[in-house]
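Sequence positions, counted from 1, serve as the residue numbers for this chain.
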Amino acid sequence: MPDLRERQVVLTQGEVATLLRVPEGTLQDLARRGDDSIPRPWKVGRAWRWAADDVYAYVESRGRVTSA
């Protein structure tokens with residue numbers, strides 16, 4: 001069985017909001033609506049989570065990544 005810790009990093013809403021440079025509330029609203037303009041999230045309890053690979057691929061597909 002593969003070790004999942006080596007395969008996938010999970011990001012929180014705050015981390016994704018920082019990377020995308022949008023307010024957390026905006027990100028949460030887009031996630032709740034299932035908007036296609038952000039990477040696909042999923043819920044863990046009441047919290048939204050994102051796969052880091054999906055977020056980085058999303059950012060790279062839209063232009064150059066700048067450091068915060």
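When every heavy atom of P41 is checked against every heavy atom of A31, the shortest pair comes out as CG-CB, 3.7 Å. Smallest separation of non-hydrogen atoms from L27 and A17: CD2-N, 3.6 Å.
E24 contributes atom CD, which lies 7.0 Å from atom OG1 of T12 (distance to the nearest 0.5 angstrom). Here CG of L30 is found 5.0 Å from CZ of R33. Values are rounded to the nearest 0.5 Å.
Under the 4.5 Å side-chain criterion, counting only non-hydrogen atoms from C-beta, V10 is in contact with W42.
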Checklist entry - Step by step, would you call Q13 with Q28 a side-chain contact (heavy atoms from CB on, under 4.5 Å)? => result CA-CA 7 Å; Q13 179 175 308; Q28 184 175 8; 3.8 Å; yes

Item to check | Derivation and outcome, side-chain contact (heavy atoms from CB on, under 4.5 Å), residues L19 and Y58 | outcome: CA-CA 11 Å; L19 286 169; Y58 170 84; over 6 Å; no

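Between the side chain of T26 and the main chain of V22, no donor-acceptor pair closer than 3.5 Å is present.
The one candidate from V59, I38, L11 that meets the side-chain contact (heavy atoms from CB on, under 4.5 Å) condition with V16 is L11.
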